[in-house]
Amino acid sequence: MMVTALYITIAMVTLAVLLNVYRLIKGPDAPDRVLALDTLYINAIALIILLGITLGTRMYLEAALLIAVMGFVGTVAMAKYLKRGSVIE
């Protein structure tokens, strides 16, 4: 039962990743693309954690933490660039 739930969850998160990629490519403007990129990071973290649970290893948690940090820094940098036109003042 638990394995089935994990596979269904992985399929749904993968679908969410594909929809995020679609929004990232076809987004009407830059803020929508930044939002899609931020959501893509979150879904990638969820997918990696689900994969780690499925395989029964803790190794994927460190990768998820690194992606979380890089996603946060990337989102802040892109938002600052869109607001002010430069990342570093």
Side-chain angles (χ1 to χ4, degrees):
M1 184 69 177
M2 183 70 175
V3 174
T4 304
L6 279 172
Y7 287 139
I8 291 171
T9 307
I10 287 172
M12 295 183 87
V13 172
T14 303
L15 177 66
V17 167
L18 292 176
L19 291 172
N20 286 331
V21 169
Y22 174 75
R23 178 54 67 190
L24 187 64
I25 293 171
K26 298 287 280 186
D29 53 0
D32 288 332
R33 289 186 172 136
V34 170
L35 184 62
L37 186 65
D38 189 43
T39 310
L40 184 65
Y41 283 126
I42 292 169
N43 286 330
I45 292 167
L47 195 60
I48 289 172
I49 289 174
L50 286 170
L51 187 64
I53 291 172
T54 303
L55 296 177
T57 180
R58 295 182 183 178
M59 187 173 68
Y60 292 103
L61 291 176
E62 294 175 5
L65 286 173
L66 286 174
I67 289 174
V69 170
M70 297 301 285
F72 175 74
V73 170
T75 302
V76 168
M78 287 298 293
K80 194 171 180 180
Y81 177 76
L82 289 175
K83 184 176 180 183
R84 297 183 183 166
S86 67
V87 177
I88 299 172
E89 296 178 22

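Side-chain atoms are counted along with the backbone in the values below, which use heavy atoms only and exclude waters and symmetry mates.
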Hydrophobic cluster membership, L66 vs L51, 4.5 Å side-chain cutoff
no
When rounded to the nearest 0.5 angstrom, what is the spacing between OG1 in T9 and CE in M2?
8.5 Å
Separation between OG1 (T54) and CG (L50), nearest 0.5 Å, reads 6.0 Å
Test side chain to side chain contact (heavy atoms under 4.5 Å, CB included) applied to M12 and T14, I10, I8, the passing residue:
I8
Do the side chains of M78 and V73 join up, straight or via other hydrophobic residues, at under 4.5 Å, putting them in one cluster?
no
Can you tell me how far apart CG (L40) and CZ (R23) are? Round to the nearest 0.5 Å.
13.5 Å
Is N20 reaching over with its side chain to a backbone N or O of A16, donor-acceptor style, under 3.5 angstrom?
yes
Nearest heavy-atom approach of A64 to I45 is O-CG1, 3.8 Å
Separation of L19 CG from L15 CG (nearest 0.5 Å):
4.5 Å
Establish whether L24 and V34 are linked, either directly or via other cluster members, by ILVMFWY side-chain heavy-atom contacts under 4.5 Å.
no
Between the side chain of R33 and the main-chain N/O of I25, is any donor-acceptor distance below 3.5 Å?
yes
For Y60, I'd like to know if atom OH has over 12 heavy atoms of other residues, nucleotides or ligands within 6.0 Å.
no
Same apolar cluster (I L V M F W Y, side chains within < 4.5 Å links), L37/L35:
no
Report whether L6 and V17 are members of the same hydrophobic cluster (ILVMFWY, side-chain heavy atoms less than 4.5 Å apart, transitive linking).
yes
